[in-house]
Amino acid sequence: MPRVRRAGFVRAHRLVSCPGRLGLGDSSLPRKNVGRFYLLVLQYCVCAVFYYLGELLTMAGWDSIDGWLLYGVHDFHRLLFLVPIIYAGYVFGTKAVIIITIIVINTLLPRALFISPFPDPLLRMLLFIIVAVAIGYLTARVHRATYRCSLLQNKLWGGQDQFDRVLDAMPSGVLIIGPDQLVRFANKVARQRFGEEVGCSYDEYLKEADIVRQLADLPVSPENIVQPEGRQGDVPVIPFTDCDGAVCRLIIIDVSR
Amino acid sequence: LSVEWVLQLCLFSVLHWVLVGILLQDLSRRDKVLGGRKWPWALSLIFLIFIGSLLYLVCHPRIFINEDNQD
């Protein structure tokens, strides 16, 4: 019977090196990261071109195209730069947010200083940058914390699997009963003796054995367990904290009698 | 030069040198750069304002990738 795992636990990314390699000056860089990097560059280029599209069209001599989208206030256009900044924070981290933000400022400054006819262009740009940096930084921090958490979960599950294998190899029946009185784990011997039901209550699980009588009502101790022969107190019950923090009971039953 | 121009120049130069500082630090740590020599990259970072930095970034993506991100 596999151990019941909490629904929120997710397997983390594996630390496996990628076989494909790319990159101009970074020939040893994994292909996936290079792809992400050039996607970031593409996002920035699209935003930059869109930001100066009106000026580019004018330079190209397409004066017939007109409209507020190209020549109006560029607050909306500026917002698009949030995409590369947040993406950089999510994929690459804080340093990437700082670099991309400086590049974005350099891109926004010419319009703010020399082109925009609207009031306070520099102030609006600076406000946007402050908000964008804050969002990018927080994204990077949250993603980093999530990544570390998933790595720790992987280690935790690895330890739990190892522990389950040790319990499976024991010659006695071993049950782990959660605080909700449900059987969380039964080792191989216990499964052969009592069945394969997952998540049922321990008294249902052990009804055939007629071994546990009073666990639900009395404090956890070996004295509260009655063996089939009527003897009390020789079934070890060990308090046990499971990987999700729940305080469980680990019961070792000698099924050879 | 008016005060406004001086302030604008200061803003540009601060941004430029912050970016150049980050990139030069990355350049100094590298064993290998595109083209094999570091000094042309250093010169282009310092003197080709913004363009040199963009070129360096496009050619050397590793600067974006921390050790923790190499999953």
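Side chains included, hydrogens not; waters and symmetry mates left out as well; all remaining heavy atoms used. Proteins get letters first, then strands, A, B, ... in listed order; numbering begins at 1 in each.
Scanning residues 40-56 of chain B against chain A with a 4.5 Å non-hydrogen threshold yields Phe50(B), Leu54(B), sorted by number.
Using a 4.5 Å cut-off between heavy atoms, Leu19(B) touches chain A through backbone and side chain atoms alike.
A side chain to side chain donor-acceptor pair (under 3.5 Å) check over residues 123-140 of chain A, counting only residues at least two apart or in different chains, returns the pairs Asp75(A)-Arg124(A), Tyr137(A)-Arg141(A).
The two residues Phe12(B) and Leu113(A) have their closest heavy-atom pair at CE1-CD1, 3.6 Å. Counting all heavy atoms, side chain and backbone alike, Ile100(A) lies closest to Phe64(B) at CG1-CE2, 3.9 Å.
Atoms CD1 and CG, on Ile99(A) and Asp26(B) in that order, are 7.5 Å from each other to the nearest 0.5 Å.
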Item to check | side chain to side chain contact (heavy atoms under 4.5 Å, CB included) evaluation trace for Lys95(A) with Ile63(B) | outcome: CA-CA 9 Å; Lys95(A) 192 176 178 184; Ile63(B) 187 173; 4.0 Å; yes
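Chain B forms more heavy-atom pairs under 4.5 Å with one residue of Ile103(A), Leu122(A), Ile98(A), Thr107(A) than with any other, namely Ile103(A).
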